[in-house]
Amino acid sequence: MEKKQIVMSGIRPTGFLHLGNYFGAMRNYVKMQEEYECYFMVADLHSLTTHPDTKTLAESVRRVLAENIACGLDPEKAALYCQSHVKETTELYLYLNMLAYKGELEKTPTFKDKVRQHPDNVNAGLLTYPVLMAADILLHRAALVPVGKDQEQHLEIARNYAQRFNKRYAEVFPEPYPFNFGHQLVKVPSLDGTGKMSKSENQNATIYLADTDELIRKKVMKAKTDGGPTEPNSEKPDYIENIFNLMKLVSEPSVIQKYEEDFNNCTIRYGDMKKQLGEDMAKFIAPIREKAEAIQNDHIYLKKVMEAGAEKARISAGKTLDEVRKAMGLIYY
Ligand code: TRP
């Protein structure tokens, strides 16, 4: 049998998943698990770099896992695990640190951002964040890494380390590249008409998978609109286009067509349109939210998922590290 290609990605256990994560990332992961050998990991060690309140860590890790499973990730198909459960990660991280140059790491834009945001916590873990991420990926010798634009620089660093390792010791690692399953990544516009939905920016303009029906309706009703077009077949302003685009994600084609026509003949009532969008959005999210809640409270099930995922990950990691140690000459008897 032909060996499946390996896909690896990590999700930080911070914040709640939102509609942008769902359409941009999760749906892709769900498709990938059918065709690739997938490793999806909760990056709990990465989250320590910013000194979170560790009392809430367990809850956050469970939430991320529950939300991912509710979106369709199947622990039977993909290895779903927690970074700190696979200790091989930290061993490889140490080896890669020898190939990681301080000057390069200091130039990484995400590091510079963190320094600006938290000048009082510029720790070495933060500086070597990309080294740990490279370890996550190279641990499984994954070549395909589904990540957003914001992580591409980190991936380039991972490629550098793979090359350096292969050159210095022996050919062990493939070079990992960003991967989005041959599809354009779906961008989910924010409700305030500026940019995409995001964890960190305006929370009222982002729909979270954990939002109640009520809250979803409220957020959608607040989306920016205007008095409507005055000329037939006008061009839509960005913020109106966004509302149509959101509708395309969750509403019936006939509904969208009706509002397109209303827009084109200047009879559109944005209040009605947003009411419809709110309903459709709530209907779309409710089953995911309910499923995630049920899973999140089932600690026994989640423990089993994490254990099984870590076991799969450790098998793959163990094989890689055997080769790594051999390549590095770290075998003495
Ligand atoms: N750094 C990634 C983020 O902030 C999370 C992550 C950690 C990751 N390890 C990874 C992503 C490995 C892809 C592959 O989103």
Side-chain angles (χ1 to χ4, degrees), residues 15-31 67 70-72 146-150 152 180-292:
F16 289 75
L17 289 189
H18 52 73
L19 217 56
N21 301 129
Y22 180 83
F23 285 105
M26 298 313 308
R27 275 217 320 201
N28 255 330
Y29 293 179
V30 170
K31 280 188 253 160
E67 287 188 326
C71 290
V147 283
K149 271 249 165 299
D150 63 324
E152 284 185 6
N180 44 48
F181 212 51
H183 297 272
Q184 271 303 93
L185 282 187
V186 181
K187 288 208 183 84
V188 179
S190 154
L191 286 167
D192 58 9
T194 59
K196 302 186 295 173
M197 284 196 186
S198 118
K199 272 186 195 172
S200 43
E201 267 140 63
N202 189 359
Q203 306 214 333
N204 284 321
T206 294
I207 307 268
Y208 294 90
L209 300 180
D211 284 350
T212 60
D213 291 356
E214 201 46 47
L215 188 55
I216 293 169
R217 290 191 195 107
K218 228 166 83 189
K219 285 181 179 177
V220 172
M221 287 315 284
K222 287 215 184 103
K224 178 177 173 180
T225 51
D226 54 29
T230 47
E231 303 255 328
N233 305 312
S234 316
E235 207 175 306
K236 296 185 188 102
D238 286 354
Y239 49 92
I240 299 297
E241 188 74 54
N242 284 350
I243 297 179
F244 275 93
N245 283 339
L246 286 167
M247 216 173 207
K248 283 180 199 151
L249 298 173
V250 295
S251 301
E252 295 286 336
S254 59
V255 169
I256 299 158
Q257 200 188 340
K258 171 195 149 33
Y259 287 104
E260 289 282 0
E261 281 162 17
D262 290 357
F263 180 87
N264 284 334
N265 58 34
C266 306
T267 57
I268 193 159
R269 294 161 59 129
Y270 289 133
D272 290 350
M273 185 182 183
K274 288 195 283 187
K275 214 162 164 188
Q276 175 83 43
L277 177 60
E279 286 310 316
D280 291 345
M281 196 79 98
K283 221 182 282 161
F284 181 84
I285 288 181
I288 303 177
R289 177 186 64 233
E290 283 158 17
K291 191 164 171 209

J.: For the CD1 atom of Ile268 and the CD1 atom of Ile243, what is their distance to the nearest 0.5 Å?
T.: 8.5 Å

J.: Is the shortest heavy-atom distance from the side chain of Ile285 to the side chain of Val250 under 4.5 Å?
T.: no

J.: Provide the full list of side chain to side chain donor-acceptor pair (under 3.5 Å) pairs with a residue in residues 207-219, sequence neighbours left out, each pair given once.
T.: Asp211-Lys219, Asp213-Arg289, Glu214-Arg217, Arg217-Glu279

J.: Tyr29: which residues meet the ring-ring contact (aromatic ring centres under 6.0 Å, His included) condition with it, sequence neighbours left out?
T.: Phe40

J.: Name all residues meeting the side-chain contact (heavy atoms from CB on, under 4.5 Å) criterion together with Asp226; count only those two or more places apart in sequence or in a different chain, and write none if there are none.
T.: Pro237, Tyr239, Ile240, Tyr270

J.: Taking C-beta and beyond as the side chain, do Met26 and Leu209 meet within less than 4.5 Å on heavy atoms?
T.: no

J.: Hey, could you give me each pair passing salt bridge (Lys or Arg N to Asp or Glu O under 4.0 Å) that has a residue in residues 238-252? Not counting sequence neighbours.
T.: none

J.: Applying side-chain contact (heavy atoms from CB on, under 4.5 Å), name anything that partners Thr267, two or more places apart in sequence or on another chain.
T.: Asp262, Asn265

J.: Using the side chain to side chain donor-acceptor pair (under 3.5 Å) criterion, which residues pair with Glu260? Sequence neighbours excluded.
T.: Lys236

J.: Taking ring-ring contact (aromatic ring centres under 6.0 Å, His included) as the definition, give me every residue that meets it alongside Tyr22, ordered by chain and number, with sequence neighbours left out.
T.: Phe284

J.: Please identify each residue that fulfils side chain to side chain donor-acceptor pair (under 3.5 Å) with Arg269, with sequence neighbours left out.
T.: Asp272

J.: With sequence neighbours left out, write down each residue that passes side-chain contact (heavy atoms from CB on, under 4.5 Å) with Ala210, or none if nothing qualifies.
T.: Phe16, Glu67

J.: So Met273 and Phe263, do their side chains get closer than 4.5 Å, heavy atoms only?
T.: no

J.: Calculate, to the nearest 0.5 Å, the distance between atoms CD1 and CG belonging to Ile216 and Asp280 respectively.
T.: 11.5 Å

J.: With sequence neighbours left out, which residue pairs that include part of residues 17-28 fulfil the salt bridge (Lys or Arg N to Asp or Glu O under 4.0 Å) condition?
T.: none

J.: Is there a donor-acceptor pair under 3.5 Å between the side chain of Thr206 and the backbone N or O of Ser198?
T.: yes

J.: Would the distance check show the side chain of Asn28 and the main-chain N or O of Ala25 forming a donor-acceptor pair, the cut-off being under 3.5 Å?
T.: no

J.: List the residues meeting side chain to side chain donor-acceptor pair (under 3.5 Å) with Gln257, not counting sequence neighbours, and say none if there are none.
T.: Glu261

J.: Would you check if the side chain of Lys222 reaches a backbone N or O of Asn204 as a donor-acceptor pair within less than 3.5 Å?
T.: no

J.: Can you name the side-chain contact (heavy atoms from CB on, under 4.5 Å) partners of Glu152, sequence neighbours left out?
T.: Lys149, Pro178

